[in-house]
Each structure stands twice: as structure tokens, then as C-alpha cells.
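Following: one structure in C-alpha cells, then a few remarks.
The structure presented is a predicted model; accordingly, all values stated were derived computationally and were not measured. The chains referred to below are lettered A, B, ... by the order of the sequence lines, with proteins before strands, and numbering in each begins at 1.
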Amino acid sequence: MKPYDHKALEAKWQKHWEEQNTFQADDASEKPKWYTLVEFPYPSGAGLHVGHVRSYAALDAVSRKKRMEGFNVLYPIGWDAFGLPTENYAIKTKIHPVVATEKNIATYKRQLKSLGLSYDWSREVNTTDPRYYKWTQWIFLQLYKKGLAYKKKMPINWCLSCKIGLANEEVVNGQCERCGGDVEKREKEQWMLAITKYADRLIKDLDTVDYLEKIKAQQINWIGRSEGAEIDFEIEGQKEKIKVFTTRPDTLFGATYFVMAPEHPLVQKMCSTAQKKEVEAYIKKCATESELARQEAKTKTGVFTGAYAINPVNKEKIPVWIADYVMMGYGTGAIMCVPAHDERDHEFAEKFKLPIVEVIEGLKNPFEKTGGKMKNSDFLNGLTTEKAIVTMIDWVEKQKIGERKINYKLRDWIFSRQRYWGEPIPIVHCDKCGEVPLPESDLPLELPEVPTYEPTDTGESPLARIEEWVNCACPTCGGKAKRETDTMPNWAGSSWYFLRYTDSHNDKAFASQKALKYWTPVDLYNGGMEHTTLHLLYSRFWHKFLYDCKLVPTSEPYKKRISHGMVLAEDGRKMSKSFGNVINPDEIVKEHGADTLRMYEMFMGPFDQAIAWDSGALMGMRRFLERIWKFFQETKFVEVCPTDDFRRVLNQSIKKVTDDLNQFKFNTAISQLMILMNAVPKEKECSIHVAKKICLILAPFAPHMAEELWGMLGHDTSLAYEKWPEVNPKFLIEDTVTYAVQINGKLRADFQTPREMGKDEVIALAKEQDKVRKYLDGGKIVKEIFVLGKIVGFVVK
RNA sequence: GCUCGGGUGGUGGAAUGGUAGACACGAGGGACUUAAAAUCCCUUGCUCCAUAUAGAGCGUGCGGGUUCAAGUCCCGCCCCGAGCACCA
């Protein structure tokens with residue numbers, strides 16, 4: 001017997017696939033198309049993670065089955081290579097990010113190839129390649145031209161000792177991750193993208209796509225649309241009015257105080273002299289606290305400003321406070337507080353002894369958002385809350401002190417980074433003409449060489465140091481101008497990469513209309529839950545924008561989105577170098593084979609749930625593959641008819657594997673393969689037709705072994721495009737069925753009958769069972785239940 | 001605090017409201033072997049009872065409810081995980 005030599009066998013088939021271009025997608029095929037997309041990896045220095053393997057192998061199985069079902073399949077891969085770790089590595093080692101990236105990509109590529117994934121490597125993209133980011137910059141220019149890219153002062157995290165801006169991720173407990181120094185917020189001009197203009201469509205169009213419900217829910221909550229009213233409050237002794245956003249204008253009569261965000265620009269101006277010191281101290285304290293710390297604060301804090309607002313409905317004076325539970329970034333940065341009917345307001349009012357006035361009655365719990373009737377509310381009294389909201393909005397609009405308003409949690413996308421390793425923003429600043437976009441013919445605007453990758457002391461990107469790059473001629477007037485030195489975030493390149501795969505070598509357009517029309521939208525997109533509210537939303541936004549420019553054929557980029565769970569270490573924690581619990585896929589491939597690794601990761605648990613690594617279970621999968629190997633080695637394949645029982649299991653298996661792959665239930669698909677192999681004839685003789693079918697349904701999971709076995713059955717070509725086996729429903733049905741008998745809901749017996757036996761006969765037979773009789777004796781049957789092929793039930797008194 | 005998940009044997013997990021624990025891992029026993037590994041076969045939710053093939057009870061985080069029947073549906077909790085921008 002030939003041993004199962006996974007190394008030789010996997011190398012052989014990987015070479016074969018590569019030489020034959022087996023998985024190259026055809027741009028001009030008669031077949032229906034299928035586009036499977038997996039989030040392209042960031043090529044980190046650490047190499048491929050077993051978590052990548054989980055989703056790539058699973059989606060590979062789907063893609064392979066689709067090919068066998070007659071689809072022209074596109075399953076591409078590339079590199080999302082701009083990013084902080086590479087840049088920080090460059091700062092530390094002086095190794096150019098281009099060099100480090102190249103090296104990391106080479107490693108990833110070798111690792112992915114060792115897994116035998118059926119990628120079309122001819123379409124590989126790399127976001128840091130100027131031929132790619134030319135088009136990222138081009139799309140930015142289109143956004144700019146449509147007014148969706150603009151500059152705005154925004155607070156950034158500023159490390160006082162490193163003198164650079166930090167990403168949120170680099171701020172740990174209010175301190176700089178690299179030097180441990182203090183971090184404060186600083187205002188800086190930033191490029192912004194107006195994603196909020198698409199907020200409504202980003203919610204509404206979710207109805208047209210097939211995403212996991214939890215993904216839709218998370219996006220909807222993130223966008224956070226809420227309807228309400230914006231109402232002006234006069235401040236005693238001040239000219240300026242302060243706008244408030246509320247979703248509950250019906251409760252206006254219950255507003256007994258007023259709170260502003262500490263950062264609100266009018267706070268300093270209106271606070272009384274007596275309170276000034278206290279207010280300033282509080283503002284200062286809040287400025288040093290991160291938003292995370294603000295959230296984690298268990299008890300409410302706040303300071304009275306000494307000012308009073310006038311409640312517009314009853315002209316009552318209500319005190320104005322500042323408190324960190326009100327955020328400047330949402331609504332207007334000021335709220336009216338109704339402590340009787342809002343939990344947070346209530347807690348605040350209790351702590352600071354502020355008055356509480358109930359205005360709704362008939363609620364089970366005073367903080368319920370619906371139901372009840374108005375009281376203590378003048379012209380609203382007796383109305384339902386729903387009616388009162390409408391009435392109050394009409395009233396404020398008539399009084400011209402406010403208006404209906406829709407607010408979103410979603411904020412515009414901060415698109416600037418003061419970093420080196422990103423796409424340069426193609427804008428110049430001319431003394432005469434102001435902000436001028438680069439002509440498209442000047443793209444790509446390439447990253448210049450820099451002597452050092454650290455941001456400058458002023459917080460500008462290292463590009464600012466390269467004078468010969470920064471100083472340029474204005475494209476409009478030819479006069480002196482300076483280039484924008486901010487770069488784009490790494491979300492830019494990933495917002496459209498799936499479009500590039502359709503036509504990745506095009507140098508006239510980001511992709512041809514023909515290719516886009518044929519391949520898009522993506523039929524199936526898989527990625528981590530952590531990208532739901534950033535990457536996934538950003539790319540939907542860009543796509544909608546491109547659609548509005550008539551540059552892509554559909555308004556949504558992805559038809560279906562699923563998501564995989566994390567692969568944790570054997571100890572249940574995240575895999576991390578510092579814990580020393582990282583599993584390296586290279587070692588597993590070397591020791592046990594790619595097929596074993598792929599199948600193990602698909603079998604380990606439900607695809608969308610987190611799961612811990614288990615080396616024992618990995619060995620179990622290796623044993624299973626060896627059992628298949630042995631069966632094919634030791635069995636003679638001949639023209640015989642399989643037994644009815646085995647033929648039934650085979651057909652059930654084809655059905656189960658097909659259905660489960662369609663539903664991404666990889667674990668149960670593999671259990672069914674195990675059930676099938678447990679049922680295989682032991683007589684060393686088996687029908688060759690059956691053996692072929694086993695090969696075919698194994699192929700998506702363990703492609704190398706399946707190809708080899710296929711060859712052993714007398715084929716000299718790959719099975720990648722062989723027809724996926726069909727189920728013969730005739731063979732699924734068993735002749736006898738087992739009925740369970742329940743008496744008063746408890747299982748008491750079971751018995752077998754021929755499948756076709758009718759209801760009355762089955763019930764009669766059930767009553768005759770010894771065990772059943774025991775329970776029926778002396779009682780009266782008040783109800784009989786019959787479920788065909790499954791259950792007979794009696795209710796006995 | 002908010003949002004989204006999850007809680008089933010020793011472990012990972014199966015289960016259109018219809019026989020809970022499929023399939024694996026682990027463990028125990030046996031066969032083969034000078035021996036070990038590998039392989040093959042058997043047992044394996046818990047408790048009670050028993051010479052026993054049998055039998056009885058309990059069991060899907062907790063407490064209620066709907067139903068002939070609930071892991072699954074409804075109400076109220078507890079715990080664990082992930083994410084977050086206290087979203088008015």
C-alpha cells in the first residue's frame with residue numbers, strides 16, 4: 001500500500017494547477033458567473049494566521065463547488081498593504097516600507113500557495129502599488145469634485161513627548177503606546193469624506209442585500225438614524241440661542257434642566273463669574289480624558305454654569321450644567337433634560353438634587369420610550385406620546401423656534417493621516433488659487449523617498465520635509481504651490497479593491513465597464529465582524545458614490561455578506577506572541593498537510609463562532625483522511641451495484657454536503673462525509689461510480705487528496721470542473737420508519753412500520769405495544785396526535 | 001451604560017416546536033504485537049435499581065409561561081465573550 005504522503009501529493013497538485021492555470025477566471029465565458037470574495041489580508045511581519053486559513057479554506061470550498069456546478073468562478077486575492085505596523089517597523093529599523101512589504105507579501109504568498117487555495121493569481125492586487133493607488137487617488141478626486149471631500153478642524157490624539165498624532169489604537173489609558181507619555185486632544189485641519197450624506201441610503205438599501213442579520217443590525221445601529229426635533233432655547237441675558245436635539249419633544253414640559261457638552265463653544269461665554277473657575281477646571285479635566293474613560297465613568301459628573309435657559313413652552317428658568325455624558329460629536333452638543341422619563345437624566349438629577357416633573361402617566365416603567373398619556377403638559381394633556389410628539393413639533397415649527405430634524409450617530413469619515421505609508425492626497429495649495437486638485441493626467445502622485453519616516457515636530461507627515469516634493473507649480477495658474485502632505489487611511493485602498501479584481505491590469509480605468517458589468521456585484525463576501533462598521537460601510541459608501549457617477553453598474557457592491565469567527569489559541573485566549581500561544585500554519589501544513597489543516601478548521605465548529613484551537617482534534621482529522629486514503633488503496637473498484645443501505649447513505653451525503661455548503665455549515669458537511677466513510681463497504685470491493693462520487697464531494701474540502709484519488713480511478717485530468725453529483729431522491733427514502741410514542745408528552749416506546757402505513761393503522765399498532773399498553777390501561781385517551789413518519793402521541797386522563 | 005453574540009456530556013459541537021447529545025476529540029476496555037506506536041472492535045450524559053438483555057428518574061445557565069410536546073416560542077433574570085462614539 002502506498003502511504004499517504006501529503007507533502008509529495010500536495011506539491012504535485014499545486015504545481016499542476018499552477019501550470020494549467022486551472023483557476024484562472026474567464027472574462028468571456030458563456031457560463032453564469034460567480035464572484036467569491038474574501039477580505040484581502042494585511043501582509044504583516046508575523047505571517048499568515050490560522051484565522052486567515054479558516055475563512056480562506058471555507059470560501060475556497062464554496063468556490064470549488066460552484067465551479068463544479070458549472071459556474072465561471074472568480075476567487076481573487078491581493079494585499080491591503082498600507083498601514084501603521086509597516087510604518088512603525090520602518091521608523092524602528094529604517095527599512096523602507098516598500099522593501100518590508102515586498103518581503104511580507106512573498107511570505108504570505110508562499111503560505112497561501114501551500115494551502116492549495118483556488119485563487120486566480122493572475123489578478124493579484126496590491127494597494128501600495130502606484131498602478132493601483134493611482135485609481136484610489138482618482139476616486140478621491142471624483143469625491144472632491146462632487147464636494148464630498150472637504151477640510152475641517154477635528155480633534156486628534158496628540159502625544160506631548162513624541163510630538164505626533166496618534167491613532168486611537170495607539171492611545172492606551174490616555175497614554176502614548178510607544179513612549180508612555182501623556183496624550184491630549186488637539187485641533188487639526190483634516191480631510192473629511194461626507195459619508196453622512198449617504199446615511200439614509202446606507203440603511204435603506206440593506207433591504208436589497210442578503211447580509212447576516214447581525215451585520216445589518218450592527219450597521220443600522222452604527223448609522224443610528226433618529227427622528228426628532230431641533231429646538232432653540234434662549235439663555236437668560238444672552239443674545240445667542242442654543243439649539244438642542246431631542247427625540248422626545250413631547251416631554252418638553254418635563255424639561256427641568258439643561259446640559260451642554262464641556263467642549264461646547266458657547267460654554268465659556270455664558271458661564272457666570274462665580275462659576276467660572278469651577279467650569280474651567282471641569283473642562284480641562286474632560287479634555288485630558290479619552291472618550292473611553294468618559295464612557296467607563298460609573299457615576300455622573302457635572303458642573304453648574306451659573307446660567308439659566310428658558311424652557312420655550314412654559315417660559316420657566318432652568319439651570320444650565322455641563323457634563324461629560326453629553327458629547328459634542330452628536331446632535332448639537334446640548335440637551336434638554338427630562339429626568340422623569342430618561343434614565344441618565346434621572347440619575348444626574350438625583351445626584352445634583354434637580355427637580356423632577358412627570359409628564360407621562362400610565363407607564364409600567366417611567367423610562368419606557370412608547371405608550372402612556374401626557375399630563376402636566378398644558379395643550380398636550382391627554383394625548384398619547386406618539387400624538388404628542390407630532391403636536392409638539394408642529395407647535396415649535398409654528399412658533400418658529402425649532403423644526404423637525406433627523407439625526408445620525410454616524411459621523412463623517414476622517415480621511416487624513418499625518419503619516420508616510422499611505423496614498424498621497426492629490427491636492428495642492430496655491431497662494432492664488434487656493435485648494436487645487438491635481439489633474440487626472442498627473443496621477444499617480446507617487447510617494448517620494450524620505451530620509452526618515454517619523455512625522456515632523458509640527459505633526460505633519462514626513463512628506464512635509466521633502467521640499468522638492470512639497471513645492472510645486474500650481475496646475476491651474478503655474479504659480480508657486482505646495483502639495484498636501486497628509487496621506488489617506490488604509491481604509492481607502494480597501495474601499496474598492498473588489499472592483500479592481502475584475503480587470504486588474506487596466507491602465508485606462510480602474511476597471512473596464514465591460515468587466516464590471518460582467519463580474520459585479522460580488523456574489524458572496526466574507527470577512528470579520530470587526531469590519532462591519534468601518535470597511536464594510538466605507539466600501540458601500542464609495543460604491544454608491546461610484547454608482548451615482550455611473551461608473552459601476554449596481555448600487556450595492558456585495559449581494560451577500562457572511563462572517564467568520566475568530567480562531568483562538570488552545571488556552572482560549574487570543575493568539576499572541578506575548579502569550580506564546582501562536583499556532584503557525586506552516587508547521588501544520590508541513591507535519592499534517594494542507595488538506596488536514598483546511599478540513600480541521602472547517603470542522604472545528606460553526607463558521608461564524610469563535611473557537612479555540614485543539615491539536616487533538618487536528619490529529620483526528622488527519623486520521624480521517626488516512627482512512628479515506630486507505631479505503632481507496634485497499635478497495636477494488638468494479639462495476640457492481642451498491643447495497644440499498646449504502647446507496648441511501650451516499651445520496652443523503654450528497655444532499656447534505658450540497659445543502660450545507662450552500663448554507664456555510666462546513667462542520668456538519670464534514671460530519672456527513674465521516675458518516676459516509678463509516679458506511680463504506682468493508683468487503684474490499686466497491687462500485688466505481690460510487691467511488692467517483694465520493695471523490696467529487698470530497699474535492700471542495702480536501703482538494704489535493706481528491707485529485708489524487710480521482711487519478712487513481714483512471715482519470716488523467718483535474719476534477720476541478722467535473723460535474724457536481726446529483727441526488728437521486730428515489731434513493732433517499734427508507735422503507736421502514738420508526739415511530740416514537742409519547743404519552744402525556746413523555747417518550748414511552750418506539751416501533752417500526754413500513755413507510756407507507758397509514759395514520760389509523762399506525763395509531764392502532766402503537767396502542768398494541770406492550771410498553772404503551774402499560775400506560776394506557778385504566779386511563780381514558782382524550783387526544784391522539786399523529787405526525788407522519790415520526791410521532792404518535794396520546795393524552796391520557 | 002449601550003449594541004451584538006453566546007450559555008447543551010469530561011471537550012468541540014448536532015438537533016424544520018416532534019425520540020436531546022449526530023459527528024468528532026478525550027477516556028476506559030479488548031484484539032493484534034516480544035513490546036510500544038499505529039490500526040481495528042466495544043463502551044462512554046448523570047443518578048437509582050438490577051443477575052440482566054431490561055426498568056425508573058433527572059437532564060440543554062436560572063425562574064415563570066404557552067403547548068399533547070420546548071434546547072427551539074413568549075416574559076423576567078443571571079453569567080460569559082466581542083464591539084462602542086454615555087447618541088438624548
Starting at the 5' end of RNA chain B, which residue's closest nucleotide do you reach first, A/Glu626 or A/Asp608? A/Asp608
Can you work out whether A/Lys656 or A/Gly333 has the more 5'-proximal nearest nucleotide on RNA chain B?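 The residue whose closest nucleotide sits nearer the 5' end is A/Lys656.
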For the [atom1] atoms, the ones on [N] and on [M], what distance do you get once it is rounded to whole angstrom?
N	M	atom1	answer
B/G57	B/A20	P	13 Å
B/G76	B/U66	C1'	15 Å
B/G65	B/A50	P	36 Å
B/C79	B/G63	P	16 Å
B/G9	B/G61	P	8 Å
B/C87	B/U8	C1'	38 Å
B/U16	B/A70	C1'	15 Å

Among [options], which is the nearest nucleotide to the side chain of [X]?
X	options	result
A/Ile611	B/C86, B/C4, B/G12	B/G12
A/Lys574	B/A88, B/G13, B/G83	B/G83
A/Trp222	B/A88, B/C58, B/A85	B/A85
A/Lys409	B/C4, B/C87, B/A88	B/C87

Given that both distances must come in under 3.5 Å, which nucleotide forms a Watson-Crick or G-U wobble pair with [N]?
N	answer
B/G63	B/C75
B/A50	none
B/U33	none
B/C68	B/G18
B/U11	B/A24
B/C58	B/G45
B/U3	B/A82
B/C87	none

May I ask you to decide if the ring planes of A/Tyr600 and A/Trp613 are parallel, tilted or perpendicular, using 30° and 60° as cut-offs? perpendicular
On the 0 to 90° scale, with breaks at 30° and 60°, tag the A/Phe352-A/Trp321 ring pair as parallel, tilted or perpendicular.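 Because their plane-to-plane angle lies in the 30° to 60° range, the rings of A/Phe352 and A/Trp321 count as tilted.
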Is a donor from one side chain sitting under 3.5 angstrom from an acceptor on the other, for A/Asn526 and A/His564?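 Judged by distance alone, the side chains do pair up.
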Could you check whether A/Asp250 and A/Thr385, counting side-chain N and O atoms only, form a donor-acceptor pair closer than 3.5 Å? no
Quick one: classify the glycosidic conformation of B/G6 as syn or anti, with syn meaning within 90° of 0. anti
Between A/Tyr282 and A/Ile322, does the side chain to side chain contact (heavy atoms under 4.5 Å, CB included) criterion hold? Intermediate values first, please. CA-CA 9 Å; A/Tyr282 188 76; A/Ile322 57 173; 3.6 Å; yes
Please determine whether a side-chain nitrogen or oxygen atom of [X] lies at a distance below 4.0 Å from atom OP1 or OP2 of [N].
X	N	result
A/Lys771	B/G55	yes
A/Lys783	B/C68	yes
A/Tyr330	B/C86	no

For [X], report the nucleic acid contact type (base, sugar-phosphate, nothing); a contact means any heavy atom under 4.0 Å.
X	result
A/Tyr257	nothing
A/Phe794	nothing
A/Arg748	sugar-phosphate

If the threshold is 4.0 Å, N to carboxylate O, is there a salt bridge linking A/Arg622 and A/Glu626? yes
A/Tyr4: which of A/Phe631, A/Phe632, A/Trp629 passes ring-ring contact (aromatic ring centres under 6.0 Å, His included):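 Passing option: A/Trp629.
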Sugar-phosphate atoms are those with a prime plus P, OP1 and OP2; base atoms are the rest. Using that split, label each nucleotide of nucleotides 16-30 of chain B B, S or - for protein heavy atoms under 4.0 Å, 5' to 3'. B-BB--BBSSS----
Between A/Phe666 and A/Phe701, is the gap from one ring center to the other below 6.0 Å?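 No, the ring of A/Phe666 stays outside the 6.0 Å limit from the ring of A/Phe701, centre to centre.
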Ring centres under 6.0 Å, that's the criterion: do A/Phe348 and A/Tyr257 meet it? yes
